Amino acid sequence: MRWSQFFITTTKETPKDATAPSHQLMLRTGMIRQLAAGIYSYLPLGYRSLRKVEEIVRDEMNRAGAIELHMPVLHPIELWHQTNRVEAMGDVLLRLGGPEGDWRSQTVLGPTHEEVITEIARAYLGSYKQLPINLYQIQVKFRGEARPKSGVLRTREFLMKDAYSFHDSVESLDEGYKKMYAAYCRIFARCGLPYVAVEAESGPIGGDASHEFMVLTDAGEDYVALTEDGSYAANTERAVCAPLPAETAEMKALEEVHTPGQRTIDEVTAFLKLTPDRMIKTLIYTGTLTAGAEASKKAKPQEMTFVVLVRGDHEVNENKLNRVAGARLELATPAVIQALTGAEVGFAGPHSLKGTPGADFRLIVDQAVSVMQNGATGGNRTDYHVINVNPGRDFAVTGEGVVTADVRTVVDGDLAASGNGSPIRLRKAIEIGHVFKLGTKYSTSMKSHYLDKNGKSHPHIMGCYGIGLTRTLAAALEAYHDENGAVWPMSIAPFEVLIVSLDPNEPEVISTAQRLHDELSAAGVDVLWDDRDERAGFKFKDADLIGVPLRITVGRKSLADGVVELKRRSSPDVEKVNPAEAGAKAIAMVGEAKAALMAKADKAVR
RNA sequence: CGGGGCGUAGCUCAGUCUGGUUAGAGCGCCUGGUUUGGGACCAGGAGGCCGUAGGUUCGAAUCCUAUCGCCCCGACCA
């Protein structure tokens, strides 16, 4: 491909709206063009890379035995009512609109395809003989993101690979899940990405039922907890750590202190001259019990007040908390708080609440609080706090209506839960893939059943597996760029080799470049020839910007010395090569780079 | 949805506070010429309802009101 006949729109200046490196580079290289918030065109250069990611994904999915199909973007909303997800998705579910009663008002744009695939399974996968099966597609998804951001990292329209597996046993699901997990490792390894698979929040099934594939970058929106020894990795939504050791100070007498108007941890610690880790944060929640919810759907939801204690420098982890409580908790209203504490909001403490645990409220003590001594907390009296509060002495940590558990989010410096003493580090990351055991959530609500060999009917046991393709592309750029531009891995670079011909009026330069171009092209290498009549510096800058991994420079000067120059984008080293051998050499280098990535894939399962 | 910022040429911006010729610059684009190994130079040229709609005024990019859009932080994220 000649540059002059392709469509590349590089710019010297960085568009002001872009802050994330991947966004800036995709705009500057002309990979994408924004049409509206979170809505982008993929221009030819960007589309080439996207297609390469797509082909790797397709290749590995097929290799793992999955079967490709294609489902519609337009979904009847009725399907979403069947799984109760119209409410659950809220504004994320985009509707076509139109007058009431019109078909448009009954149609939504698909944000994901569990419903559609389950409708297909319901119709056709009626026998255990057809199971297991894994069906996937590569499709555009639409989501009403409240705040699209960082270019293509978070958009309202994006390309996704979504796969759904159907099984007749939990063991079969486990197997299918492992296959997908392995396929994902291979996919991201082949893309050359520095990914890490982490335990993720798993919803109703629990256990190890979900993993996210993350790329560590500051442009990410998630935090992952990684132990320094590499033995543990989890999303902070889920991450656990070793219990903190008991403090050993001598217990002092409880003492009330006047703290007029000091409500927040920051205010109180400043006022009392304490560090936040000496504070007990007392949070009051109202929860609706979910335990046994399946059976008691008709029963009135039972409301309960929960008092939750975490250390002042810690954050409550809502996922852990809801699990421990067996309820979905929401922060209580001021009226509830005032009734329980006898004070205004901001002065709650566990030591003198109105009522008894078990009967009037439940007390959930975070493990880190349970080992504190002489802590400070609210006085249950407006404008007062208490100091020298001791768990066990001043409030119960076990017993009727009281539970001590891990309900906080891990922090940097916590130690591995395994007890090997390795410290946990928190890193920002972007999620590019997610594998998930769904169980029978959708097959039950949509009545998608199969018959076992005894003729008995069961709901399909399902798994689902997603990769954000456009996001993967952006994540690769986040990981691989320098001050001059993109530095693409060979496997997903828009072109594999860039030939830069200088001196357009030198016949030998042009003929040499042409011959190299044809040779590489004939060998199946994706080669771009910058044949433009521009100055050398200009072309080199563009070359670095678009980040093609291998560059061959053909110019009058070097030809006079009987050589052309070979340079990797990732290295400053220049290799001088005989023009007759340069083609073969470049072909070999491309092959080696791809083989290296494939070799990584072969040992990628981790 | 809350907070902040910004809408002037394809891109980056000046001009807006303090209203006053025909609205500017650089990059990019077109013509011609000189250049030619790390984003050259000269000359000429095309390109704008100053986001949109009202209002104030003799006169609005500039002041007022409304509205739309975009970006960032937060909330949210099957």
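Every value quoted in this text rests on a predicted model; they were computed, and no experiment measured them. First the proteins, then the strands, lettered A, B, ... as listed; each starts at 1.
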For the side chain of [X], counting heavy atoms from C-beta on, which of [options] is nearest?
X        : options             : value
A:Thr19  : B:G39, B:C72, B:G37 : B:C72
A:Lys541 : B:C11, B:G39, B:G37 : B:G39
A:Arg535 : B:U12, B:A40, B:G38 : B:A40
A:Ala37  : B:G37, B:A78, B:C70 : B:C70
A:Arg28  : B:G26, B:G37, B:G39 : B:G39
A:Lys557 : B:G37, B:C72, B:U12 : B:G37

Looking at [X] and [N], is any side-chain donor or acceptor paired with a base atom of the opposite kind under 3.5 Å?
X        : N     : value
A:Ser558 : B:G37 : yes
A:Glu534 : B:G39 : no
A:Glu565 : B:G37 : yes

Quiz item: Less than 6.0 Å separating the ring centroids of A:Phe7 and A:Tyr47?
Solution: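 No, too far apart.
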Measure from [atom1] on [X] to [atom2] on [N] and round the result to the nearest Å.
X        : N     : atom1 : atom2 : value
A:His81  : B:A78 : NE2   : C1'   : 16 Å
A:Glu221 : B:C73 : CD    : C1'   : 12 Å
A:Asp530 : B:G38 : CG    : C1'   : 13 Å
A:Lys12  : B:C27 : NZ    : C1'   : 6 Å
A:Met462 : B:A78 : CE    : P     : 17 Å

Could you list all N or O pairs between the protein and nucleotides 1-7 of chain B that sit under 3.5 Å apart?
residue	atom	partner	partner atom	Å
B:C6	O2'	A:Lys16	NZ	3.3

Quiz prompt | Test log, rule side-chain hydrogen bond (donor to acceptor under 3.5 Å, both in side chains), inputs A:Trp529 and A:Ser501 | solution = CA-CA 8 Å; A:Trp529 172 18; A:Ser501 58; 2.9 Å; yes
Practice problem: Would you indicate what A:Ala36 reaches in the nucleic acid, counting non-hydrogen atoms under 4.0 angstrom: base, sugar-phosphate, or nothing? | Solution: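 Sugar-phosphate, no base atom in range.
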